[in-house]
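This report refers to the structure that appears directly beneath it.
We name chains A, B, ... by the order of the sequence lines, and we start the count at 1 in each one.
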Amino acid sequence: MIEVRQLRREFRVASKKGRFRREYKTVVAVDDVSFDVAAGEAVGYVGPNGAGKSTTIKMLTGILVPTGGTVRVNGVDPARQRKELARRIGVVFGQRSQLWWDLPLRDSFALLRSIYRVNSSDHGKRLEECVDLLELAPFLDTPVRQLSLGQRMRGEVTAALLHAPELLVLDEPTIGLDLESKERLREFLAGLNRRGTTLLLTTHDLDDIERLCPRLMVIDHGTVLADGPLAELRAEVTPERVLVIDLREPLNLPPLPGVTEVRSEAGGLRHHLTFRRAETTAAALITEVVRHVEVHDLAVVEPEIDDVVRRLYARTSAATDSTPDVVDL
Amino acid sequence: MRVHADLIIAGFRRYSTYRQAMLAGMTTNVVFGLLRAAVLTAAVRTASGTIAAYDIAATYTYVWLGQGLLGFVLLWGDTTLATRVRTGDVVVDLYRPWNLQTAMLAEDVGRAGYAVVTRLVPPIAFGALLFPFRWPEHPLTWPLFVVSALLALVTCYGVRFLINLATFWLLDNRGLVSFWNVTSGLLCGMVVPVAFYPGWAQVALWATPFPALLQAPINVFLERDYFSLAHQAFWAVALLVAGHLVLRRAVRKVVVQGG
């Protein structure tokens, strides 16, 4: 579905030197990025501001030409065949609207139908499905300028899907939404992915990834820091997990194999046992603990996804010192 | 084609939601029409009844047609595309499988269609009812006036499109817009008829697209000349071609240089 090889994008940034002189400086926004996305996948693309996420998305959709490397989306070169590609993929820019501000939502959908030349029965079927799943019915006839952000985003996602794209690219789709709206949107996107639409989304909200994307790509300073299943990345960067046990009565625990740190609370009633994945499993540790003491309750705590990403950033932030300043369109 | 028809309807509907704005615009047009008519007819009277073949009735007709056409061709106040370029929303426009220039023209035709009812007809009706008015003598003048008004619309759109596109390079085109607002009225025959200017200035002006925006349809309506139509047709095409080429450069700039 997506094939990216040694992708590179530079920007020339002018800065004023004196009254007339200008100095140009080349800033690398994306540097040597390669990845593949297969049909039906759901991939999360995360990174801090200015990491190169939006620049990559713009190259995937043909709005920017790469300085180097190749991009193939659905088998075509996006920059050369932007319009053909536009008919086959859907794009949602979380901070840009593709709806007509002063017209009812329904009218925007009708206009998009003629712009994308979708036949009316297919269009009707898809619209009905989205109206149903995203509960658009109450505000279909409301002008877009009067919609709440949550309602508008549901409209934006629908607008991107009406021409039945095989790939949906979402640039920060949940930005600014409240928890309930986020959850509703995620649920819809998850369903969409199950029914076969490939998803690629950039986000700052790591819950989006946790909920939607089995695969995570982390980018910073224009290079991919990590790419793989969320669970693997977690194991790789945060090799430790924590077992929390509550005892019936306060007790000190004996030394346990594989445990690197013990922190006790409530006068010995609660213990946090940090252990290395490589050395023992949660099951083995629990068995060992139960043999020594009477356990009231226990829980295994996975490191937060934020933690995983923070560690990934930290791992390489020392390597480079120039922060690419990406000029956003 | 289908797309453009739908966009024309959308343009009509978009503007029809702003009724108060239209009403305010219409009132302003009429009030300024009264002012302009008072000044110009006073001048014509002191010049013993005619200036450059404009008598009192022709002068009133010139003023009211101008006041009506002003809102129809939308001489001033179109910043939609410039704003979208500045905010970056233009990415969405560039990404769509459509021709941005003709799509926006279609929406503008829809807007103008609504303006016929709310901006073009009221000042003309107001003037025709209350002041001396010069109606066309030949029936053929009516369809020619419609053609001329449409050409004025396309020409004006062509100019506005270019001014808006300048934002791709300037980032802020407000200076250019102010310059346009000040000069266009003087040059397109809005302040006084182009025929009032000295001969050399008239020749110079008719070598530019300015008279095509306002003076030309008025000339056709007053049956002064039909050369205006050819002038308009030339500039309508020339400006659309220029807009097409500049848009291509703008897209190239965005796509290759990254905005």
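Contact of B/I9 with chain A is not made at all, since no heavy-atom distance falls under 4.5 Å. Neither the backbone nor the side chain of A/T67 comes within contact range of chain B; no heavy atom of the residue lies under 4.5 Å from a heavy atom of that chain. When heavy atoms are compared at a cutoff of 4.5 Å, B/V92 approaches chain A solely by way of its side chain, counted from C-beta outward.
Inter-residue side-chain proximity for B/V251 and A/R82 is flagged as met; some heavy-atom pair is nearer than 4.5 Å. The shortest side-chain heavy-atom distance between A/R113 and B/R2 falls under the 4.5 Å cut-off. Residues A/K58 and B/V254 are not in side-chain contact: their nearest non-hydrogen atoms beyond the backbone lie 4.5 Å or more apart. Using a 4.5 Å heavy-atom threshold, the side chains of B/L7 and A/L111 count as touching. In this structure, the side chains of B/Y15 and A/D102 stay at 4.5 Å or more apart for every pair of heavy atoms. Contact annotation: the side chain of B/R96 never approaches that of A/K83 to less than 4.5 Å [non-hydrogen atoms, C-beta and beyond]. Between A/I89 and B/Y95 there is a side-chain heavy-atom pair separated by less than 4.5 Å. The shortest distance between side-chain heavy atoms of A/I115 and B/P97 falls below 4.5 Å.
With rounding to the nearest 0.5 angstrom, the CG atom of A/L103 is 6.5 Å from the CZ atom of B/R13. Expressed to the nearest 0.5 Å, how far CH2 of A/W100 lies from CD of B/E107 amounts to 7.0 Å.
At most 12 non-hydrogen atoms from other residues, nucleotides or ligands lie less than 6.0 angstrom from CZ of B/R174. Heavy-atom contacts from other residues, nucleotides or ligands closer than 6.0 Å to CZ of B/F32 number 12 or fewer. Applying the 6.0 Å contact sphere to CZ of B/F179 captures no more than 12 heavy atoms from other residues, nucleotides or ligands.
No other option in A/S97, A/A79, A/P143, A/G62 has as many heavy-atom pairs under 4.5 Å with chain B as A/S97.
Across all non-hydrogen atoms, the minimal contact from A/S114 to B/V3 is O-CG2, 3.1 Å.
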